[in-house]
Q: 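Attaching a single structure in structure tokens format; questions to follow.
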Amino acid sequence: MPELPEVEYTARQLRASVVGATIREALVFWERTISHPAVPDFLAEVAGRRIEGVRRRGKFLLMDLSGDLFLSIHRRMTGNFLLLPAGWSLDMSLKDLDAALWSTKGPLFTFDPASGLSYSHELRYCRVCFIFEDGRCLLFTDPRKFGKVGLWGRALEQEALHGLGPEPFSEDFSLAHFTAALSGRRTNIKQLLLDQTVVAGVGNIYADEALFYASLHPTRRADSLSDAEIALLHKGIVEVLTRGIEHGGTSFNDYRDLWGEAGENFNHVHVYHQDGKPCSRCGTLIERMVIGQRSAHFCPHCQPAPLLATIPLASE
DNA sequence: AATGCTACCTGCAGGC
DNA sequence: TGCCTGCAGGTAGCAT
């Protein structure tokens, strides 16, 4: 599941490889992947544009194009990018491309046989393909079809990002902002961390890791946190995201980098999908529970469950 | 205004 | 072996 570190990592890879390239044409294999504008307009407008820059905003990947346009890509659950070298996309149907890669995958990429990654598998789920003038081909693959690709005028960035909150590494994500965002919120802290208007880019993995960092139980009511707890959580969010980027992202199921390789942050998580394993801090077995229809992982010793004391007094 | 629930999708694990 | 059920999770949109 790509969250901020995974998107950041991909953005850096794309910046180093496709900035300066010109899109000859795009192909769309699943129309609902295109969120804006209508598919015919998307195809017509993207052709001939030069990629001038690659940015990340929250979990959005933004590619600035010539003519004051930009592409917004949100990978949601299973979206991935794969960059194919020149020579494979020209005049080939996707099926031919798939067959070619399948039979000669050796020289194309370095690739861990133990991972069992199949290029055929990736190509089968190609939803949008950008073919560059130099013959390279950037694929957006997405088995679950939740991912979105949009093309926008530069002036519509706010609309494209739809109320996204502050970047965790920017000054906008200040302790004062975070404190204000928690104030008066009766919802549990886990769900609040997943709210992209509070802080942009945190998903299920890093929300659980940040709560472990701050020794907070996921069901704690947001408005029950002390100033010290808020400060520690604020620090924890930045810390776990930073570590995630340093480790090249967390590969749990579907996440792969631009060349089809897996990130290694999964070797560094403390609680996410670690239920039944001993806590790295105290040895207590990590537990899993469902909060708001999604899983939360925590150490029951380090992150004690809230009791009556966490309910604000009537006088407050 | 804040919160809760569901649709969107498909692969896969688990049960029988 | 094969079918069926449920789960995974980010976000929009709708209901409360």
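We use all heavy atoms of the structure for the numbers below, so side chains are in, but hydrogens, waters and symmetry mates are not. Proteins get letters first, then strands, A, B, ... in listed order; numbering begins at 1 in each. Just so you know, these numbers come straight off a predicted model, no measurement behind them.
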Q: Closer than 3.5 angstrom, by distance alone: can the side chain of A/E52 be matched with the main-chain N or O of A/V19 as a donor-acceptor pair?
A: no
Q: Are any of the side-chain nitrogens in A/E3 or A/K59 under 4.0 Å away from the carboxylate oxygens of its partner?
A: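 No, this pair does not count.
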Q: Which range-with-range stems can be found for DNA chain C when each stem has 3 or more Watson-Crick or G-U pairs in a row and both distances sit under 3.5 Å?
A: B:2-8 with C:10-16, B:10-16 with C:2-8
Q: Measure the distance from OH on A/Y272 to C1' on C/dG10 and round it to the nearest whole Å.
A: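 Interatomic distance, OH of A/Y272 to C1' of C/dG10: 12 Å.
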Q: Mind checking the P distance from C/dG6 to B/dA7? Whole angstroms is fine.
A: 14 Å
Q: Out of A/L232, A/V202, A/L211, A/T242, which residue meets the side-chain contact (heavy atoms from CB on, under 4.5 Å) rule with A/I237?
A: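 Exactly one candidate clears the test, A/V202.
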Q: So, does A/R32 get its side chain near the phosphate of B/dC9, meaning an N or O under 4.0 Å from OP1 or OP2?
A: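 Yes, because at least one side-chain N or O of A/R32 sits under 4.0 Å from OP1 or OP2 of B/dC9.
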Q: Please pick, from C/dG10, B/dG11, B/dC9, the nucleotide with the shortest atom-to-atom distance to any side-chain atom of A/K145.
A: B/dC9
Q: I'd like to compare against my own output: the B/S/- annotation of nucleotides 1-7 of chain B with a strict under-4.0 Å heavy-atom distance to protein.
A: --SSSB-
Q: Between the side chain of A/R76 and the main-chain N/O of A/T78, is any donor-acceptor distance below 3.5 Å?
A: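 Judged by distance alone, no pair lies under 3.5 Å.
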Q: Ignoring backbone atoms, test whether A/Y125 places a side-chain nitrogen or oxygen under 4.0 Å from the OP1 or OP2 oxygen of B/dC9.
A: no
Q: Is A/K59 touching bases, backbone alone, or none of the nucleic acid, heavy atoms closer than 4.0 Å?
A: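 A/K59: backbone/sugar contact only, no base atoms under 4.0 Å.
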Q: Without decimals, in angstroms, what is the distance between A/M77 CE and C/dT11 P?
A: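 That distance rounds to 10 Å.
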Q: Whole angstroms only, please: what is the CG-P distance between A/D275 and B/dA13?
A: 16 Å
Q: Using whole Å, report how far CG of A/L164 lies from C1' of C/dT11.
A: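 After rounding, the gap between these two atoms is 12 Å.
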Q: When rounded to the nearest Å, what value does the distance between P atoms of C/dC14 and B/dC9 take?
A: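 Going atom to atom, P in each nucleotide, I get 16 Å.
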Q: A/H74 side chain N/O closer than 4.0 Å to the phosphate oxygens (OP1, OP2) of C/dG10?
A: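 For C/dG10, neither OP1 nor OP2 has a side-chain N or O of A/H74 closer than 4.0 Å.
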Q: Below 4.0 angstrom, N of the basic side chain to O of the carboxylate: do A/K190 and A/D208 qualify?
A: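 Looking at A/D208 together with A/K190, the answer is yes, because their closest N to O distance falls below 4.0 Å.
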Q: Does the side chain of A/W30 reach to within under 4.5 Å of the side chain of A/V128, using non-hydrogen atoms?
A: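 Heavy-atom side-chain distance check fails, nothing below 4.5 Å.
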Q: Among A/R221, A/R220, A/K235, which residue meets the salt bridge (Lys or Arg N to Asp or Glu O under 4.0 Å) test with A/E229?
A: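 Looking at A/R221, A/R220, A/K235, the match for A/E229 under the salt bridge (Lys or Arg N to Asp or Glu O under 4.0 Å) is A/R220.
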Q: Using distance alone, with no hydrogens and no angle criterion, decide if A/R281 and A/S215 have a side-chain donor and acceptor under 3.5 Å apart.
A: yes
Q: Donor-acceptor check, side chain of A/D142 to backbone of A/N80, threshold 3.5 angstrom: yes or no?
A: no
Q: Report yes if the ring of A/F146 lies under 5.5 Å from the six-membered base ring of B/dC8 with planes under 30°, and no otherwise.
A: yes
